[in-house]
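I have placed the structure first, in the form of structure tokens, so that the comments after it can refer back to it.
Only heavy atoms go into these numbers, but all of them, side chains included; no hydrogens, no water, no symmetry mates.
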Amino acid sequence: MPVVDIDTDELRRLTGHEEKEDDQLKEELFGLGLEFEGETEDGDLQFEFAPDRLDRLSVEGVARSLRYHYGDDRGVDVPDTNDAEWTIQVDESVPDERPYVAGAVVRGVDLDEDALDSLIQLQEKLHATMGRKRAKGAIGIHDLAMLKGERVEQREIGEGNDLEPPEDLTPVGGDEGPTDVGGPTITYRGIDPAGDEFVPLDADAGMTPAEVLTDHPTGEEYADLVGEYGRYPAIYDELGLFSFPPVINGQRTEVTTDSRELLVELTGTDQWTIDRMLAIICYALDARGATIEEIDVVYDDGAAGERAGDHLVRPELDTRQKTVSHDRIETTLGIELGMEDVTDLFERSGLDVTTNLGERTEYEVEIPPYRVDVLHPSDLVDDVGRAYGFGDLEPEYPDIGTIGGRHERSRLERATRTALVGLGFEDLLNFHLSSPAENYERMGVEEGADALGGGEAVEVTSAYSEDYTQLRTWALPSIMHVLENNTHRRYPQELAEVGFVAEQDDGENTHVAEHRTVAAAIARTDATYEDIKGRLQALVGEFDADLETPATTHPSFIDGRAAEVVIDGESVGVIGELHPRVLVERDLEVPVAAFEFRLDALAE
């Protein structure tokens, strides 16, 4: 979890409670879920944060939470914003991999050393958490005084969108010519890796983006984020390139303690993510007395991503609504609360609430934009509990008596594993995730085939690795993978697994059918169908079930050496000798005989 450095003198000043001692602050912050981790060499206190409360990644956010805790502030606070003067134009050349942008102008900010350090820390902590190390979202902060807005022709803003073009458009090139957007503009575009030069931060000479990735320490650190792009993302003003997101800013717009007006720009792979990151930054700067000014974000019609042709106004500081019942709050926390008490606790959590009286009492809760953690009514109950004080809850014994025990499915799994070990198999625990190559191709099975293992796999939307992109539909490929990795071990190798498998099924509520499976394999120089069938008969006999093995065909097994597994009259699996092409694919030089069937067939 992230650890954040907090200057307690700054914290006292921002909360307006100079009388608070460090030990008292530690205790109060612990009640809010912030655990003290130690001190820095400069005397700042270090706190470990729950990763859901990203608004507390700066001293400004922590101070806000304490002011609510003290009752000095109540309810939802949304910063006032001035109308947009600046525009970010998103060109159609922007890389498809990083199409989205957001931004805000900040005026009248007083950046002493402490404030600047806090802003930089917030930027880096957001990068590390919500920004997924800049891969999903990256923040650039610039000295606005060093930027010169371009004069850009009107791009038919508003066509097909909710917003109309600005009314103060200035004619360019005659009465019938194109029009100017009415204010300074910067452009987010894609450029050739060896394109324009700029002087990046901590450098003393101009470099192309490609040179930054190879010759600059920061560029080397983040080169993998954009190195494979055909075009690199870049942001220009009239003077040229000044930002190379998500890697590094230009030295020209570096922010110092003398900066009084800032441009905050964010780029990323998801509009919602960068909008929320921007909201957190705007709240932190608002706490320093700055004025937030909107920016028009205009996407070209041919721009990449889902926002093509859109005209957005950022920052997006709209509130959200969620509903939670009074019963749920009391039941979860185990205390009785009056409606006025609940309203008070919500307001001391920085939320606004409207009470709806009906068959049951419900609260419609208004949530500020910096609270990215509130996804479910349970999150609202947690806020009520923290405002009440979890340490003040009295523990109670439940008024019902229960006796713990093993679930029936767990009993069956345990009994099956015990029987398999008794039959000479080694018990395995394999990954439930697999890949199309392992699950289908290397076993000779086609996805969607009417054969064991041929069901349509459940895909992982954002897979971490190409080796684990789907849930396995059967367990035998996992056992074969173990055999493949153990060709240097002595034979015989007799392996078995009782494990989880799944496949798509529109007949289920979740559209996913899950079950437990039993798979086993014998690998040795004389492994035959008869050997594996003898083990299967012994296993099924342990559960007083009837076994039949009528002949069948299966693409993973040798024709004439494969059979269905029919238990108590129901076809539940397959048994046989693995086909030579499956063995050659895995460099196995000994025969393999195997079976697999549904575990619940043994439950009757």
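- Thr473 and Asn439 share a side-chain donor-acceptor pair at under 3.5 Å.
- In this structure, Arg307 fails the cation-pi test against Tyr100, since its NZ or CZ atom is not both closer than 6.0 Å to the six-membered ring centre and inside 45 degrees of the ring normal.
- Side-chain contact between Met443 and Met480 is present, with at least one heavy-atom pair separated by less than 4.5 Å.
- With hydrogens and angles ignored, the 3.5 Å screen pairs a side-chain donor or acceptor of Glu447 with a backbone N or O of Ala457.
- Ring centroid separation for the pair His554 and Trp474 comes in under the 6.0 Å cut-off.
- For His432 and Phe500, the ring centers are positioned less than 6.0 Å apart.
- For the 3.5 Å distance criterion, the side chains of Asp327 and Ser325 fail to qualify, holding no donor opposite an acceptor.
- Of the possible polar contacts, none joining the Asp55 side chain to the Arg371 backbone as a donor-acceptor pair under 3.5 Å is found.
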Arg132 and Thr269: side-chain hydrogen bond (donor to acceptor under 3.5 Å, both in side chains), yes or no, with the steps? CA-CA 11 Å; Arg132 300 293 189 269; Thr269 61; over 6 Å; no
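- No side-chain heavy atom of Glu564 sits under 4.5 Å from any side-chain heavy atom of Glu548.
- In this structure, the side chain of Arg56 engages the main chain of Leu32 through a donor-acceptor pair within 3.5 Å.
- Asp531 contributes a side-chain N or O that, together with a main-chain N or O of Thr528, makes up a donor-acceptor pair within less than 3.5 Å.
- The environment of CD in Glu37 is crowded: more than 12 heavy-atom neighbours from other residues, nucleotides or ligands sit within 6.0 Å.
- The shortest distance between side-chain heavy atoms of Glu265 and Ile235 falls below 4.5 Å.
- The backbone N or O of Glu35 lies less than 3.5 Å from no partner atom in the side chain of Glu48, so there is not a single donor-acceptor pair.
- Side-chain contact check for Glu413 versus Arg516: some heavy-atom pair is nearer than 4.5 Å.
- A distance-only check finds no donor-acceptor pair linking the side chain of Thr208 to the backbone of Ala194 [under 3.5 Å].
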Run the side-chain contact (heavy atoms from CB on, under 4.5 Å) test on Phe244 and Leu213 for me, step by step, so that the C-alpha distance in whole Å, both residues' side-chain angles and the decisive distance to 0.1 Å come before the verdict. CA-CA 11 Å; Phe244 174 25; Leu213 299 188; 3.9 Å; yes
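- With a 6.0 Å radius and a threshold of 12 heavy atoms from other residues, nucleotides or ligands, Glu530 has its CD atom above the threshold.
- Judged purely by atom type and a 3.5 angstrom limit, Arg98 uses its side chain to pair as donor or acceptor with the backbone of Ala135.
- Side-chain atoms of Ser93 come within 3.5 Å of backbone atoms of Gly190 as a donor-acceptor pair (strictly under, hydrogens ignored).
- Taking the six-membered ring where the residue is Trp, the centroids of Phe36 and Phe30 are separated by 6.0 Å or more.
- In this structure, the side chains of Asp300 and Val94 stay at 4.5 Å or more apart for every pair of heavy atoms.
- In this structure, Arg189 contributes its side chain and Ala234 its backbone to no donor-acceptor pair below 3.5 Å.
- The shortest distance between side-chain heavy atoms of Gln123 and Ile281 does not fall below 4.5 Å.
- Counting only distance, with no hydrogens or angles, the side chain of Arg411 and the backbone of Arg406 share a donor-acceptor pair below 3.5 Å.
- For the atom pair Asp5 CG and Gln121 CD, the distance stands at 5.0 Å (nearest 0.5 Å).
- For the residue pair His407 and Arg409, no side-chain donor N or O sits within less than 3.5 Å of a side-chain acceptor on the partner.
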